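The structure presented is a predicted model; accordingly, all values stated were derived computationally and were not measured. Throughout, protein chains are lettered first and strands after them, A, B, ... in sequence-line order, and every chain is numbered starting at 1.
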Number of protein chains: 2
Amino acid sequence: MAKGNVSLSVIRRLPRYHRFLRELAEGGVVRISSGDLSKRMGLTASQIRQDLNCFGGFGQQGYGYNVKALYEEISKILGLGISRKTILIGAGNLGRAVTQHMDFSARGFELIGMFDVNPELIGEKIGGVEIYDSSYIAEFCEKHHPTIAILCIPKEAAKELAKVLVSHGIKGFWNFSHYDLAIDYDDIAVENVHLGDSLSILCYRVHELENSDEGAPAEK
Amino acid sequence: MAKGNVSLSVIRRLPRYHRFLRELAEGGVVRISSGDLSKRMGLTASQIRQDLNCFGGFGQQGYGYNVKALYEEISKILGLGISRKTILIGAGNLGRAVTQHMDFSARGFELIGMFDVNPELIGEKIGGVEIYDSSYIAEFCEKHHPTIAILCIPKEAAKELAKVLVSHGIKGFWNFSHYDLAIDYDDIAVENVHLGDSLSILCYRVHELENSDEGAPAEK
DNA sequence: TAGATTGTTAATCGATTAACAATC
DNA sequence: TAGATTGTTAATCGATTAACAATC
């Protein structure tokens, strides 16, 4: 589907296109031009057309793009809807919240088990999914062959555990631990969610704003 | 402190430098060269020196960088440690998990109140911080003057609420709602955390990996 | 001093934007 | 047909990398 290698910049914009298109479709919009979409998204029309043409010519001259069709195309490009057995490791506050907050199944992630080292949590069910003892992970993987792991554990544990999980067939990590998983494996997909880094960036930007305000009149 | 305007690419790398330097300092490492750090972080030495020199010359020829001093400098650049009154809106699973999971005070965020529309939650305390009724937000802001808001609410609510919060003095948003806040305000700092987009990107990358595997021998 | 490593300038690379012929 | 808008090529812009003189 993709014409050659698509840059990370483009890929990172795809989910946002997908989101806007879904909203447009839900709002009953049938067709949209790159110009119109660019205004809504705060991008240039050129960029939108360039991005989409990495994957194919989905538009029509003089018409624009069919919202629903384009939405479906991007769904396919993203690989949404392909079912993938998923496990979550670390059923603490964050792990449980993520489980309850995200619609995993909408993106094809089928959560089949959660794991924790805390004996108090073991046996509990969150959204119908049982929490098992972490020592059972290897055996569980051999039995059920999950391919995705969500890591909500401290960084010390993550580093060691990642190796074990890879050796048991995990192909993708959604990593919430404060550890950059990507460095060690390049034949494995890793998406890091560094909430701490994100909060630090907010901090910088508020700080920056305060400094630029000093003396300078409010811009608008 | 900053020499002119620093690009977003550089800023987004700062928290990661900060994280690595803290770990090095904790590990007892006193000095480090850009070359050594580049290997650990998977960057080029050139990039590290370029990035740091946006803010000042923190190194010394022939020696490298003093780990602790550089860590402190980046802390200052990021504006960590400046106390900012913070409120959290939406004390559902995600909001409560974020509260318990993040060390807000380490970055100067002082959580002074949480808000929710769910009557069952009102009056409850999470980590010593009380959950109030959302209808009390405006009054609370007038009284306590928070400058940061963490949004853990549905996107419909976020759009409307953001306006209200801005009019009551909020300068920075940590936005977990599925809504791109940045478009409307550019004199306000916004850091969006789109967990759904992040999961979609993981989906794409796993998908891409599977496709590149087909036929091609395993790379390594 | 000699070796190491920075800060900084120049070269390269990649991503974004502009332009426009093709065409619905 | 005329107007609109794409797909795509070329131009620009910005970010990364390389190189090296300065200097600890």
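Under the 4.5 Å side-chain criterion, counting only non-hydrogen atoms from C-beta, His207(B) is in contact with Arg84(A). For the pair Ile87(B) and Ile148(B), the minimum side-chain heavy-atom distance is 4.5 Å or more. Within the 4.5 Å cutoff, no side-chain heavy atoms of Leu88(A) are placed close to those of Val129(A). You'll find the side chain of Ile201(B) stays beyond 4.5 Å of the side chain of Cys203(B), heavy atoms only.
Note on ring orientation: taking the six-membered ring where Trp is involved, the planes of Phe173(A) and Tyr185(A) are parallel (angle under 30°, cut-offs 30° and 60°).
One atom, CD of Gln61(A), and another, P of dC24(C), lie 6 Å apart when rounded to the nearest Å. When the P atom of dA4(D) is taken as reference, atom CG of Asn66(A) falls 21 Å away, rounded to whole Å. Look at OH on Tyr63(A): it is 17 Å from C1' on dG7(D), rounded to the nearest Å. Following rounding to the nearest Å, Leu8(A) (CG) and dA15(C) (P) show an atom-to-atom distance of 9 Å. When the C1' atom of dT5(C) is taken as reference, atom NZ of Lys39(B) falls 12 Å away, rounded to whole Å. The interatomic distance linking Leu43(A) (CG) with dA18(C) (P) rounds to 13 Å, in whole Å. Note: CG (Leu14(A)) to P (dA15(C)) measures 14 Å, nearest angstrom. The distance from atom CZ of Arg12(A) to atom C1' of dG14(C) is 17 Å, rounded to the nearest whole Å.
Across dC24(C), dA15(D), dA15(C), the shortest atom-to-atom separation from the side chain of Ser9(A) is found for dA15(C). Comparing dT17(C), dT16(D), dG7(C) by their nearest atom to the side chain of Tyr65(B) picks out dG7(C).
A residue-by-residue look at Gly62(A) and Thr44(A) shows that Thr44(A) has its nearest nucleotide of DNA chain C further toward the 5' end.
Taking the ring centre of Tyr63(B) as origin, the terminal cationic atom of Arg31(B) falls inside the region bounded by 6.0 Å and 45° from the ring axis.
DNA chain C contains the following stems of three or more consecutive Watson-Crick or G-U pairs, with both distances under 3.5 Å: C:3-24 with D:3-24.
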Would you check, one step at a time, whether the test salt bridge (charged side-chain N to carboxylate O under 4.0 Å, His left out) holds for Arg19(A) with Asp180(B)?
CA-CA 10 Å; Arg19(A) 202 149 39 83; Asp180(B) 294 290; 3.0 Å; yes

Quick one, Ser200(A) with His18(B), criterion side-chain hydrogen bond (donor to acceptor under 3.5 Å, both in side chains). Give me CA distance, side-chain angles, the key distance, then yes/no.
CA-CA 10 Å; Ser200(A) 293; His18(B) 196 251; 5.5 Å; no

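Less than 4.0 Å separates DNA chain C from at least one heavy atom of each of the following residues of residues 15-34 of chain B: Arg31(B), Ser33(B), Ser34(B). If you check residues 45-52 of chain A against DNA chain D, the residues with a heavy atom closer than 4.0 Å are Arg49(A), Gln50(A), listed by number.
Between the side chains of Glu191(B) and Ser198(A), a donor-acceptor pair is found at a separation under 3.5 Å.
Judged by distance alone, with hydrogens and angles left aside, the side-chain atoms of Arg205(A) form a donor-acceptor pair with the main-chain N or O of Val190(B) at under 3.5 Å. Between the side chain of Ser7(A) and the main chain of Asn5(A), no donor-acceptor pair closer than 3.5 Å is present.
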